[in-house]
Amino acid sequence: MQQYDLLIIGSGLAGLTLALQVAPYKKVCLVSKRGLDDSSSNWAQGGIAAVFTDDDSIEEHIQDTLIAGAGLCDAAVTRLVVERGRTTVQWLIEQGVPFTRDEDNGYH
């Protein structure tokens, strides 16, 4: 029988991010429904709200997300996620996540 310090269920961005953050300190077991790349995060298109240019707006991203969420989004959590979006995407890139860049050198 194998023993772990932490069991993470799910191989989406949240589960993988937690695993990366904790792995230097704890023995981690990551459980996925199929393969590690079979997650909603992997299949998402345009799902990260991050502001990278001066002509973009954090407030517009927040409002777009709240509208798209049809009343299901928590406004405070939405604000936190959007405000930290750029830093988070940069950290993911440093971890090796292969984002697609557009013709203006932005990320998808």
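Rounding to the nearest 0.5 angstrom, the gap separating the CG atom in Leu66 from the CG atom in Asp74 is 9.0 Å. To the nearest 0.5 angstrom, Thr65 atom OG1 is 11.5 Å from Glu60 atom CD. Atom CD of residue Glu59 and atom CZ of residue Arg79 lie 4.0 Å apart, to the nearest 0.5 angstrom. Distance OG/Ser11 to NZ/Lys33: 7.0 Å, rounded to 0.5 Å. Here the straight-line distance linking atom CG of Asp56 with atom CZ of Arg86 works out to 10.5 Å at 0.5 Å rounding.
Closest approach of Trp91 and Gln21 over heavy atoms only: CZ2-NE2, 3.2 Å. The shortest non-hydrogen separation linking Leu30 to Gly10 is CD1-O, 3.3 Å. Looking at every heavy atom in both residues, Val51 comes nearest to His61 through CG2-CD2, 3.3 Å. Considering all non-hydrogen atoms of both residues, Val89 and Ala50 come closest at CG2-CB, 4.0 Å. Between Cys73 and Thr78, the closest heavy-atom pair is CB-OG1, 3.5 Å.
Placement of Leu80 and Ile58 in two distinct hydrophobic clusters is found when ILVMFWY residues are connected by side-chain heavy-atom separations under 4.5 Å, directly or transitively.
The shortest distance between side-chain heavy atoms of Val28 and Ile8 falls below 4.5 Å. Ile9 is listed as a side-chain neighbour of Leu7, based on a closest heavy-atom distance under 4.5 Å. Residues Leu6 and Lys27 fail the side-chain proximity criterion, which asks for heavy atoms closer than 4.5 Å.
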